[in-house]
Amino acid sequence: MFNYQLQPGKERKMLKFEETEFKPKITIITAYYNGHKYIDQTINSVLNQTFPFWEWIIVNDGSTNEESIEKLKEIETVDKRIKVLSKENSGLAATRDFGADKSDKNAEYLFFLDDDDVIHPTYLECAYATLQTNKDASWAYTDVVNFEGMEYKWVKWFDSEIEKKENLLVATALIRKKDFFEVNGYELREKAVNEDWNLWLKLLAAGKRPVRMNFDGFWYRRKKQGSELQRSKENRKRALEIIKTTGQKIKEDVEAIQYPKQDYDWEEIIETIDIPNATLVKDEKINILMMIPWMVTGGADKFNLDLVTRIDKKKFNMIIVTTEPNTNSWRQEFDNQVTVYDLTTFLDKKYWPAFINHLIAQYNIQIIFNTNSYIGYSMIPYLKAKYPEMPIMDYVHMEEWYNRAGGYSRDSSTVSSCIDKTLVCNKHSEKILVDYFKRNPKEVETVYIGVDEDKFNPEKYHKEEILKELKIENPDKKYIISYICRISEQKRPLLLVEILRELKEKRKDFICVIAGDGPMLDKVKKMVRRYELQDCIIFLGNVKETEKVYTISDMTINCSIKEGLALTAYESLSMGVPVVTADVGGQSELVNEEVGKVVPCLQQEKEIRNFDYQEEEINPYVEAINEVLDNLEKYKANCRKRILDGFTINHMVENMEKQFENVLQNKSHEKIETGYALQKAMDICKELITKSYAALNGQYEWLCNQVNMEYFGQVSGNAESSYDYFETPMGKLRLKFISITKKMHIYEQVRSILRKLRRN
């Protein structure tokens with residue numbers, strides 16, 4: 001659920017850079033008219049920027065409020081990069097043009113920000129990088145969050161034909177100064193006539209194209225009264241006359257650059273971008289660059305979030321880079337803890353190594369830490385060659401034999417000569433890395449992921465209340481067995497149904513609650529109906545607050561064919577609920593005879609799609625369930641103590657902190673020598689990145705399409721426009737068209753022909 005209260009700029013969190021003089025690359029321009037009420041938050045959001053090469057011209061457009069005038073005097077003293085200029089009242093467009101005329105001659109870009117709006121801390125840095133690497137684009141903007149008076153997200157697929165009739169763009173963007181002046185800026189001298197929309201149309205008419213960065217960078221304050229948008233609506237007839245006249249000047253279809261997108265085709269890997277570095281002031285903190293795939297709901301992702309949330313901020317500074325397209329439902333949680341750069345949202349892949357080099361320099365990075373990023377693994381040899389003295393670490397959650405014959409365990413082992421320390425979530429995985437992948441035992445160590453014992457505390461919840469909330473009727477007080485997971489092949493949900501069918505033959509005093517959804521859910525429901533088990537199985541769907549399910553449970557069951565060490569096992573025990581689990585991954589390291597039962601997994605991973613389960617696989621689960629239910633109080637008494645004795649998140653974070661400190665204090669001379677040796681083979685290191693990019697083209701494009709379908713297939717109830725592009729038949733057809741023609745390398749040619757046909 002998106003939290004509209006987590007707005008940028010609520011606190012001032014300025015980065016301390018070594019440089020004292022910053023030649024401005026960007027001129028920020030704010031038209032100010034009686035704007036004292038909200039501007040403090042705007043100021044904070046600007047001062048919190050990770051890109052310090054800006055000047056800020058605040059133009060007082062004839063303010064009449066004494067408090068607002070006094071506020072301007074205060075603002076001038078906040079930062080020497082801020083200038084306050086005054087003029088007679090002439091309206092928004094004229095005031096912005098006035099500020100643009102006063103911009104520093106060294107500034108390459110203009111950024112218009114109203115005195116009540118706010119921006120994400122990385123906005124200027126990401127926008128600058130995307131325009132520096134997309135030289136044919138004239139302006140860059142992000143998706144927008146509307147807040148205060150109305151709360152909704154504005155995420156629109158850009159189309160220049162639609163832009164003539166409906167403004168898909170947002171008010172704030174980074175604009176090339178030369179292009180702004182080429183179209184004579186805002187130019188309008190009438191007030192409240194959709195000045196922003198008209199500017200975008202002028203740029204499009206001149207053949208200029210935008211870049212849409214796919215993250216929530218701009219926060220627009222939707223005041224119910226007194227906003228420019230409200231005034232433009234009141235002056236709608238005149239505003240639309242101007243828009244229509246300007247729109248008619250657009251003769252060509254202008255295609256925007258829109259992220260995320262599959263953009264790589266065996267191009268040269270770029271090592272530097274023309275972005276000025278402003279190195280942070282060095283302190284005693286350990287600065288870590290953490291590479292992860294995305295920020296979504298999942299066990300590995302929960303580990304990432306727990307780590308950056310609980311790590312000692314006085315000792316460690318973590319910078320996050322993500323490498324796979326996603327809607328990133330947890331991004332706000334990460335943003336609230338650390339600085340995040342989602343590379344997929346603003347940068348072509350060939351520039352990723354260059355931007356990472358930029359971050360390493362800017363943040364004085366001392367350790368590189370990769371977890372579950374396939375692209376991250378492909379970059380490790382290059383990074384070791386580039387920075388031989390810098391330790392590199394990774395964390396592997398489990399080996400996956402059905403995925404690249406080992407998954408991330410294989411990826412890690414392939415580049416192990418460059419990795420100082422590999423951490424895993426269980427001893428079983430540690431043993432596989434050493435025995436099967438021939439890793440050095442001194443370089444592999446287990447750090448259990450742990451659980452939030454405060455959140456998953458049975459004393460905080462009431463069973464009867466939650467039963468009512470979940471609408472579960474249990475008048476006979478039957479035992480409740482819970483099955484909490486994504487309903488997918490890996491979790492073997494059809495085996496669960498077979499187990500319950502057999503269990504029902506032996507006892508009638510249980511209900512099974514299935515909490516989750518996934519690709520196999522329909523098959524499970526059909527099987528339940530076929531076996532006539534509807535009376536003892538309840539489907540709850542996806543439950544985000546899983547602690548509620550544990551509260552009503554007497555036991556949880558896990559019959560997966562593959563786990564690292566399941567988060568549900570940690571959570572269940574922390575809630576005082578025994579576990580019956582398959583003996584996979586590190587499950588037996590947590591679930592012992594005092595807190596549950598571990599059942600042999602007889603099926604091989606390569607047989608994951610074989611759903612014909614035999615009695616010798618089913619019966620041990622039935623026996624284990626009976627054993628636990630018949631001795632329930634004995635098992636329950638030990639569960640929470642098992643967690644508190646060494647499996648909490650705080651234990652995990654303490655162990656991770658020790659690992660980071662140790663790898664920095666005891667650098668491996670062997671790894672350093674490897675780094676210097678790899679410098680002589682830098683071309684090979686760069687080619688490894690190239691091959692990884694090319695190999696992932698299909699998967700990356702699929703992920704991009706999934707993100708676009710997710711964003712443009714939903715409409716906010718408060719949004720004033722319902723252009724629901726990708727849910728329309730034409731939108732779906734367009735996605736197929738793009739995918740097929742790009743694979744055939746004829747996309748641009750066909751696109752050009754269609755544009756000509758449409759014009760004729």
Side-chain angles (χ1 to χ4, degrees), residues 8-15 17 19-49 51-119 121 123-124 127-128 171-175 177 180-181 185-186 188-189 191-192 195-196 199 218-221 223 226-228 278:
K10 281 195 166 182
E11 297 178 44
R12 189 167 297 179
K13 300 177 181 178
M14 287 182 66
L15 297 176
F17 294 102
E19 287 81 357
T20 54
E21 295 292 335
F22 298 105
K23 291 184 179 179
K25 297 290 185 179
I26 296 171
T27 299
I28 304 168
I29 299 163
T30 294
Y32 179 95
Y33 180 76
N34 294 337
H36 67 279
K37 186 175 181 181
Y38 301 108
I39 198 167
D40 282 333
Q41 189 174 355
T42 306
I43 292 170
N44 289 345
S45 79
V46 171
L47 293 177
N48 292 349
Q49 289 298 298
F51 184 87
F53 298 95
W54 48 262
E55 63 169 351
W56 190 3
I57 298 176
I58 300 175
V59 183
N60 177 18
D61 186 30
S63 292
T64 57
N65 180 286
E66 192 61 35
E67 191 175 351
S68 291
I69 295 170
E70 287 300 313
K71 188 69 178 178
L72 287 174
K73 295 177 183 178
E74 175 191 325
I75 291 170
E76 277 189 295
T77 65
V78 170
D79 191 290
K80 60 185 177 182
R81 291 168 293 179
I82 300 176
K83 304 173 186 175
V84 176
L85 306 177
S86 295
K87 54 182 273 303
E88 291 184 1
N89 182 269
S90 57
L92 186 60
T95 303
R96 288 174 174 174
D97 283 341
F98 176 86
D101 287 334
K102 302 296 183 182
S103 67
D104 190 282
K105 64 179 181 179
N106 294 308
E108 304 168 55
Y109 298 99
L110 302 174
F111 187 75
F112 297 96
L113 180 66
D114 287 350
D115 58 20
D116 56 354
D117 297 331
V118 292
I119 52 176
Y123 191 122
L124 295 183
Y128 188 89
T172 292
L174 187 67
I175 310 171
K177 187 161 75 171
F180 178 83
F181 284 118
Y186 286 93
L188 293 172
R189 291 301 174 258
K191 295 182 181 180
E195 299 89 347
D196 305 305
L199 174 62
F218 174 52
W219 288 62
Y220 180 67
R221 195 182 299 272
K223 293 179 289 189
S227 70
E228 280 299 309

Practice prompt. Take the angle between the ring planes of W56 and W54 and call it parallel below 30°, perpendicular above 60°, tilted in between.
Written response: perpendicular
Worksheet item: Which heavy atom of V78 sits nearest a heavy atom of I43, and at what distance?
Response: CG1-CG2, 4.3 Å
Discussion item. Could you go through K25 and E108, starting from their C-alpha distance and side-chain angles, then the distance that decides it, and tell me whether this counts as salt bridge (Lys or Arg N to Asp or Glu O under 4.0 Å)?
Written reply: CA-CA 5 Å; K25 297 290 185 179; E108 304 168 55; 3.4 Å; yes
Worksheet item: Without hydrogens or angle criteria, can the side chains of D104 and T27 be said to hold a donor-acceptor pair below 3.5 Å?
Response: no
Practice prompt. Give a yes or no answer on whether the side chain of Y128 reaches the backbone of Y109 with a donor-acceptor pair at less than 3.5 Å.
Written response: no
Worksheet entry | Residue pair G185 / L199: nearest heavy atoms and the distance that separates them | O-CD1, 3.7 Å
Worksheet item: Would you call the rings of F180 and F112 parallel, tilted or perpendicular if under 30° counts as parallel and over 60° as perpendicular?
Response: tilted
Worksheet item: What pairs with F111 under ring-ring contact (aromatic ring centres under 6.0 Å, His included), at least two apart in sequence or on another chain?
Response: Y123
Fill in: Set of residues satisfying salt bridge (Lys or Arg N to Asp or Glu O under 4.0 Å) with respect to D79, sequence neighbours excluded
R81
Worksheet item: How close do D116 and R221 get, heavy atom to heavy atom, and via which atoms?
Response: O-NE, 2.8 Å
Discussion item. Is it the case that over 12 heavy atoms from other parts of the model lie below 6.0 angstrom from the NZ atom of K87?
Written reply: yes
Worksheet item: What are the two closest heavy atoms between T64 and N34, and how far apart are they?
Response: N-OD1, 2.8 Å
Worksheet entry | Taking every non-hydrogen atom, the tightest pair across L92 and A31 | CD1-CB, 3.6 Å
Worksheet item: Would you say E55 and S103 make side-chain contact, with heavy atoms under 4.5 Å?
Response: yes
